[in-house]
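So the structure is just underneath, and the comments pick up after that.
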Amino acid sequence: MISKKKFAIFLVDYLYYIPQFLPVAKVLKERNLDFLFILPPKHKRDIIATLDLAIDICKENNIPYQIGEGEEELSTKHLISGANYYPETNIKYDKTSLIVHGVGTKSGYFSEEKNKYDIRFVEGEFRFNKIKELFPNYEGILENVGFSKLDDVINMSQEEKVVLYSKYGLDANKKTILYAPTFYPSSLENMSNEFPKHFENYNIIVKPHYFTYLRKKYKAQRKKLNHWKKYSNTFIADVNEFNLVPFFAIANIMVSDESSAIFEFAALDKPVICNRFIKLRWTYRVFKSKFRKKMDSNIDQFRDIGINSYSYKELRNCIEEEMKHPDNFKAIRAKYTKQVIGPVDGNVSQRIVDILVNV
C-alpha cells in the first residue's frame, strides 16, 4: 500500500539533527505542508542511542513521526537528510535536500558524496565559495540560506527566557557563562575542580558533548561534572539536554575548545573564548603529526573570533575581561559570521521552505 505523498520527509539518523530540522518543520506546519520525521528503528539504537528522547521531542513539538520506514510504502516531494553520506532508502522521492547539523570548516563538509543531493542548503560564504571552487560542475541547487538552528534563538521571547532560568535553577539577575566542551580533544579534564566556585557571582551552564556520557573512556570527564553539580550556581546538562538553543538564548558568554558551536554563539553577537589547553592522548602527544592530521587546520584562520586561553589561569582573566567589555571582538564576530554562518535574521527556515516550495 502506498501512503499519500508527503511534501517532506526528514531522515533523523542522529539525535543532534533535530535542532536543525525543528525550525524548518515549524514553518512547514505553519504553511500546512504535510511532513514526517523518520526515526531509526530499534535495531539501530546504537545510532541514535536515545530513541525515547527523540520520540518525546516529536510529541512535545507536535511533530508527526514514525520509527523506521515501516511496511507502508512512503513517498515524498522532498527527502531531507543531515548526513554526510547519501541516504539509502525505500522511500519514493522527487528531490533530495541536505541540511547539515553543524557549521564550520571541517574537510568532511566538502566531500564529493554530498554532490549527490539535488539541493544543498549551506551557511556562510566560506562553505558556499569552497563548494563552488571544489565542484564547479555541480548541477544541483546550492543556496547560502544561513543556519536554521539559530532561528529558535532569535525568535525566543523574553518571557520564554525567564522560564528557562527557572527550569535550570539559575538566578535571572546574574550573568551566565556557557561552557560547552567537545568530547575529544577537550579542555574539560584540564578545567579546575573549583570552576563554579571561582565564578560564584555568575550562573554557569555546562553542556558536555553527549559522547561524554555514552562512552566509557570519558569517565574522568563525568567525574568532574559530578563534582561541579554540587554547586548551586551551576547547571550540568545531562544527555537529555541535547539542544544548545536554550543555553544560547540566556548565556552572556561561551567557552569552548574545538567545537564549531563557537561560530554559532558568536553569530548572536556574544563573546566567545577558545580554550587551547586541551588534553591529548599520549599517542597524539608523541606523534604530533597524527594530531595535526586529525584536527581541522581550516579553523586556524578564524581563531581570532575571540580570546584564546592557554591555561585555566588565563581563562579566569579572559572571562572577566569579556564580561566587562563584550564588544571587544564585535567587528571580527560580524565578519566571520557572514563567512561561516550566513544571514542571522530568524528567517532561515522560511527561506529554506520557500526554495522547497518553488523547486
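Remark: side-chain polar atoms of D257 are paired, donor with acceptor, to backbone N or O of S187 under 3.5 angstrom. No donor-acceptor pair closer than 3.5 Å links the side chain of H198 to the backbone N or O of R316. Looking at D151, its side chain does come within 3.5 Å of a backbone N or O of S349 through a donor-acceptor pair. Side-chain N or O atoms of R351 include one that pairs as donor or acceptor with a backbone N or O of V145 at under 3.5 Å. Distance alone, capped at 3.5 Å, places no donor-acceptor pair between the Q339 side chain and the E125 backbone. Distance alone, capped at 3.5 Å, is enough to place a donor-acceptor pair between the D345 side chain and the N347 backbone. Proximity of a side-chain donor or acceptor of N240 to a complementary backbone N or O of L53 within less than 3.5 Å is not detected. The main-chain N or O of M156 is never found under 3.5 Å from a side-chain atom of E160 such that the two would form a donor-acceptor pair. Between the K229 side chain and the I236 main chain, no donor and acceptor come within less than 3.5 Å of each other. Using modelled atom types, one side-chain atom of E69 and one backbone atom of N90 make a donor-acceptor pair closer than 3.5 Å.
Heavy-atom neighbours of K29 NZ from other residues, nucleotides or ligands within 6.0 Å: above the threshold of 12. Residue K161 qualifies as enclosed at atom NZ: its count of foreign heavy atoms under 6.0 Å is above 12.
Two rings, from F37 and F10, have their centers less than 6.0 Å apart. For F195 and Y231, the ring centers sit 6.0 Å or farther from each other. F126 has its ring centre less than 6.0 Å from the ring centre of F302.
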Q: List the steps and the verdict of salt bridge (Lys or Arg N to Asp or Glu O under 4.0 Å) for K77 and D94.
A: CA-CA 5 Å; K77 182 177 180 182; D94 297 340; over 6 Å; no

Q | Step-by-step side chain to side chain contact (heavy atoms under 4.5 Å, CB included) determination, E321 to H325 | A | CA-CA 6 Å; E321 168 66 18; H325 306 287; 3.4 Å; yes

Q: Verify side chain to side chain contact (heavy atoms under 4.5 Å, CB included) between N203 and Y165, making sure each step is shown before the conclusion.
A: CA-CA 10 Å; N203 298 316; Y165 284 106; 4.0 Å; yes

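Note that CZ of R276 and CG of N308 are 5.0 Å apart. Values are rounded to the nearest 0.5 Å.
At a threshold of 4.5 Å between non-hydrogen side-chain atoms, the residues T89 and L74 do not count as touching.
For the residue pair D13 / Y85, a side-chain donor-acceptor distance below 3.5 Å is found, with atom types taken as modelled. Judged by distance alone, the side chains of Y218 and E189 never bring a donor and an acceptor atom under 3.5 Å apart. For the residue pair E113 and N84, no side-chain donor N or O sits within less than 3.5 Å of a side-chain acceptor on the partner. With 3.5 Å as the limit, one finds a donor-acceptor pair spanning the side chains of N115 and R120.
Considering only residues two or more places apart in sequence or on other chains, K6 meets the salt bridge (charged side-chain N to carboxylate O under 4.0 Å, His left out) condition with D34. With sequence neighbours excluded, no residue forms a side-chain hydrogen bond (donor to acceptor under 3.5 Å, both in side chains) with S97.
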